[in-house]
Amino acid sequence: MASKERELRVKPINNGTVIDHIEAGQALNVLKILGIGGHTRHVVSVLMNVPSGAMVAKDVVKVEDRELEPEEVDTIALIAPRATINIIRNYEVVEKFRVAMPRNVIGIIRCGNPNCISNSNEPVSSRFVVESMDPVLLRCSYCEFVLDKNIADHLL
């Protein structure tokens with residue numbers, strides 16, 4: 001039996017975080033959530049539309065020398081609910097977990113209702129209740145506006 005050759009698109013990282021199983025097309029939004037732009041000091045690898053058996057296509061983001069904050073993981077869950085987080089130290093996966101959707105989303109998403117009090121000059125943070133995780137459905141706690149599409153467009 002001939003051995004099957006493996007192809008590595010990006011080399012393994014020494015330390016950092018690999019965010020895998022991101023829905024295809026969401027990698028750039030994940031970078032936005034992480035505050036990673038063109039002037040980052042971290043080494044970042046982005047794979048988009050990688051073939052995946054379970055998802056047909058997926059995106060992958062690797063960030064060297066950085067581990068994510070819990071708030072960042074919660075926000076990623078809103079746009080990529082099937083994402084997995086791999087913490088890498090000394091080229092070994094020391095922790096691997098699937099993102100978990102928070103029950104309440106506060107101060108992360110802008111309400112789609114322009115008349116919502118959270119979009120006014122009042123000193124209130126946006127507040128949503130997660131009503132469904134698949135598909136993602138968020139309901140504004142102030143005006144009942146339902147946000148179920150293009151959630152990444154509403155990130156604060």
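When reading the values below, keep in mind they use all heavy atoms of this one structure, side chains included, and skip hydrogens, waters and symmetry mates. Numbers here simply count residues along the sequence, with the first being 1.
Of the residues Leu28, Val44, Val30, the one that meets the side chain to side chain contact (heavy atoms under 4.5 Å, CB included) test with Ile36 is Val44.
Rounding to the nearest 0.5 Å places CD1 of Ile151 at 12.5 Å from CZ of Arg110. Once rounded to the nearest 0.5 Å, the distance linking OG1 of Thr84 with CD1 of Ile22 reads 8.5 Å. To the nearest 0.5 Å, atom CG of residue Asn14 and atom OH of residue Tyr91 are 4.5 Å apart. One distance of note links CZ of Phe128 with CD1 of Ile106; it measures 11.5 Å at 0.5 Å rounding.
You'll find the side chain of Asp134 stays beyond 4.5 Å of the side chain of Pro81, heavy atoms only. By the 4.5 Å heavy-atom criterion applied to side chains, Ile33 and Ile79 are counted as neighbours. Contact check for Asn29 versus Asp153: no side-chain heavy atoms found under the 4.5 Å cut-off.
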Worksheet entry | Full working for side-chain contact (heavy atoms from CB on, under 4.5 Å) between Ile19 and Leu68 | CA-CA 10 Å; Ile19 308 163; Leu68 305 186; 3.8 Å; yes

Worksheet item: Can Asn15 and Ile88 be said to form a side-chain contact (heavy atoms from CB on, under 4.5 Å), step by step?
Response: CA-CA 5 Å; Asn15 293 300; Ile88 312 295; 5.8 Å; no

Worksheet entry | Working for side-chain contact (heavy atoms from CB on, under 4.5 Å), residues Asp148 and Leu138 | CA-CA 6 Å; Asp148 61 349; Leu138 308 174; over 6 Å; no

Discussion item. For Ile87 and Lys96: C-alpha separation, side-chain torsions, deciding distance, then whether side-chain contact (heavy atoms from CB on, under 4.5 Å) applies.
Written reply: CA-CA 6 Å; Ile87 306 299; Lys96 180 176 184 174; over 6 Å; no

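In this structure, Asn113 and Cys143 approach most closely via the heavy-atom pair ND2-SG, 3.4 Å. The two residues Ala77 and Met101 have their closest heavy-atom pair at O-CE, 3.4 Å.
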Residues 50-67, side-chain donor-acceptor partners within the protein, below 3.5 Å, at least two apart:
| unit_1 | atom_1 | unit_2 | atom_2 | d |
| --- | --- | --- | --- | --- |
| Ser52 | OG | Met55 | N | 3.3 |
| Lys58 | NZ | Asp20 | OD1 | 2.9 |
| Lys58 | NZ | Asp20 | OD2 | 3.4 |
| Asp59 | OD1 | Asn49 | N | 2.9 |
| Asp59 | OD2 | Gly25 | N | 2.7 |
| Asp59 | OD2 | Gln26 | N | 3.1 |
| Asp59 | OD2 | Ala27 | N | 3.0 |
| Arg66 | NH1 | Leu34 | O | 3.0 |
| Arg66 | NH2 | Leu34 | O | 3.2 |
| Arg66 | NH2 | Glu72 | OE2 | 2.4 |
| Glu67 | OE1 | Arg89 | NH2 | 3.0 |
| Glu67 | OE2 | Arg89 | NE | 3.0 |
| Glu67 | OE2 | Arg89 | NH2 | 3.2 |

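For residues 115-133, the side chain to side chain donor-acceptor pair (under 3.5 Å) pairs, not counting sequence neighbours, are Glu131-Arg139.
Neither Leu47 nor Ile85 shares a network with the other; the hydrophobic side chains, linked directly or stepwise wherever heavy atoms of I, L, V, M, F, W or Y lie under 4.5 Å apart, form separate groups for each.
Taking Arg82 as the reference, Glu23 meet the side chain to side chain donor-acceptor pair (under 3.5 Å) condition, with sequence neighbours excluded.
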